[in-house]
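Data block below; observations after.
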Amino acid sequence: MMENTKKLRRIGVLTSGGDAPGMNAAIRAVVRTCIGNGIIPVGIRRGYNGLINSDVQILDARAVNGITSRGGTMLYTARCDEFRTPQGVERAAQNCRYLGIDGIVCIGGDGTFRGARELAHAGVATVGIPGTIDNDIACTHYSIGFDTAANTAIEAIDRLADTMQSHERTSVVEVMGHNAGHLALYVGLAVGAAVIITPEKPCDFENDVLERLRESHYNGRHHFIVIVAEGSGNTQQIAQRIKEETGQETRVTTLGHVQRGGSPTARDRTMASRMGHYAVEQLMAGKSNIVVCYRNSQLMDLPIDEALEMQRGLDEYMYQVARDISI
Ligand code: F6P
């Protein structure tokens with residue numbers, strides 16, 4: 001037990017934006033760290049909507065029993081338009097004061113952190129935890145859900161590769177990423193994709209696609225995996241063009257929301273548990289308006305303003321490795 005220096009009565013926890021496997025483990029960690037420190041944990045349902053509508057519930061240790069292995073979020077998640085207005089934020093802050101919620105752990109992506117910043121400005125202490133399969137939050141090298149989503153995609157693509165090999169076809173696979181190519185690159189490297197197309201890198205079709213397929217062909221390959229990150233262009237059109245220019249039969253698979261579900265991997269479970277615990281400790285130490293980050297193999301925190309200003313480019317080295325060894 002750590003000294004509750006800030007004398008917090010209740011700490012709320014919410015999940016907002018797209019769900020991500022591992023969010024439940026983070027909720028569990030928040031709840032149990034609170035209880036261990038004499039703080040009452042409050043579950044806030046449906047993201048910031050729950051704060052505006054007072055859709056809240058006290059959670060005891062048993063309420064979060066067995067949820068670590070489950071994907072999704074037991075608190076539900078949503079995007080909340082009303083919370084984007086000053087009136088919505090004030091209403092939420094007023095409800096927190098009335099309900100005696102002194103701090104909130106907000107799990108989600110950049111949009112969630114913007115909400116947490118507004119709440120902090122309105123007088124409610126907040127800590128953000130990165131949770132998105134996109135892994136596109138610049139301040140942290142790791143976001144909850146990324147590892148599970150990547151492994152889900154890899155398993156699916158390995159299956160596709162079997163049938164592509166049998167028919168000597170090209171599989172054009174669209175992975176999620178909301179205009180970010182981190183998941184596509186990671187997955188592409190792991191499955192040995194011949195081509196990886198991401199929104200961050202302009203794609204010169206002749207050099208980046210056709211020449212790579214040609215080179216692989218000369219190396220004796222007759223089936224190919226092409227990974228397209230969501231937001232990099234029209235996947236159907238990319239497949240059609242490959243078919244027209246190479247004569248190869250192509251098949252398109254959009255992995256979609258399959259990547260967002262499923263039982264979290266060990267990495268997501270443990271990272272989420274650590275981040276949830278750490279977030280409560282920071283609130284107890286009197287901190288607010290911060291995001292929990294995983295950098296250089298350790299947890300730390302950064303002011304939300306600073307975190308939101310950071311830019312995250314694609315990992316150039318990983319991109320180069322993927323290109324170099326997929327011949
Ligand atoms: O941010 C996570 C994410 O899965 C993105 O990769 C994707 O673009 C988006 O959410 C899909 O959102 P929704 O579930 O609202 O369709």
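Whatever order the structure lists them in is the order used to number ligands and atoms, beginning at 1.
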Do me a favour and list the nearest non-hydrogen protein atom to [atom] with residue, atom name and distance?
{"atom": "atom 9 (C) of ligand 1", "answer": "R260 NH1, 3.8 Å"}
{"atom": "atom 15 (O) of ligand 1", "answer": "R79 NH1, 2.8 Å"}
{"atom": "atom 6 (O) of ligand 1", "answer": "D134 OD1, 2.7 Å"}
{"atom": "atom 8 (O) of ligand 1", "answer": "E230 OE2, 2.8 Å"}

Pair up each side-chain donor or acceptor in residues 87-94 with any protein partner under 3.5 Å, not counting sequence neighbours, and list the distances.
from: E90; atom 1: OE2; to: R97; atom 2: NH2; distance (Å): 2.8
from: R91; atom 1: NH2; to: I52; atom 2: O; distance (Å): 3.4

**Q259 side-chain N/O to G256 backbone N/O, donor-acceptor pair under 3.5 Å** =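 Pair found, side chain donor or acceptor close to backbone of G256.
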
**Request:** Could you see which bit of H257 sits under 4.0 Å from ligand 1, with heavy atoms only: side chain, backbone, both or neither?
**Result:** side chain

**Complete:** ligand 1 to M176, heavy atom cutoff 4.0 Å, flagged ligand atoms 4 (O), 6 (O)

**Asked** With a cut-off of 4.0 Å, which atoms of ligand 1 are near a heavy atom of G177?
**Response** 6 (O)

**Item:** S326 side chain reached by R212 side chain, heavy atoms, under 4.5 Å
**Value:**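 The answer is yes, as the side chains (C-beta and beyond) meet within the 4.5 Å cut-off.
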
**Item:** pair T15-Y76: side-chain heavy atoms closer than 4.5 Å
**Value:** no

**Asked** Are R241 and E244 ion-paired here, with the side-chain N under 4.0 Å from a carboxylate O?
**Response**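 No.
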
**Message:** Check whether Y142 forms a cation-pi arrangement with R267 (NZ or CZ under 6.0 Å from the six-membered ring centre, at most 45° off the ring normal).
**Reply:**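 Yes, a cation-pi geometry holds between R267 and Y142.
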
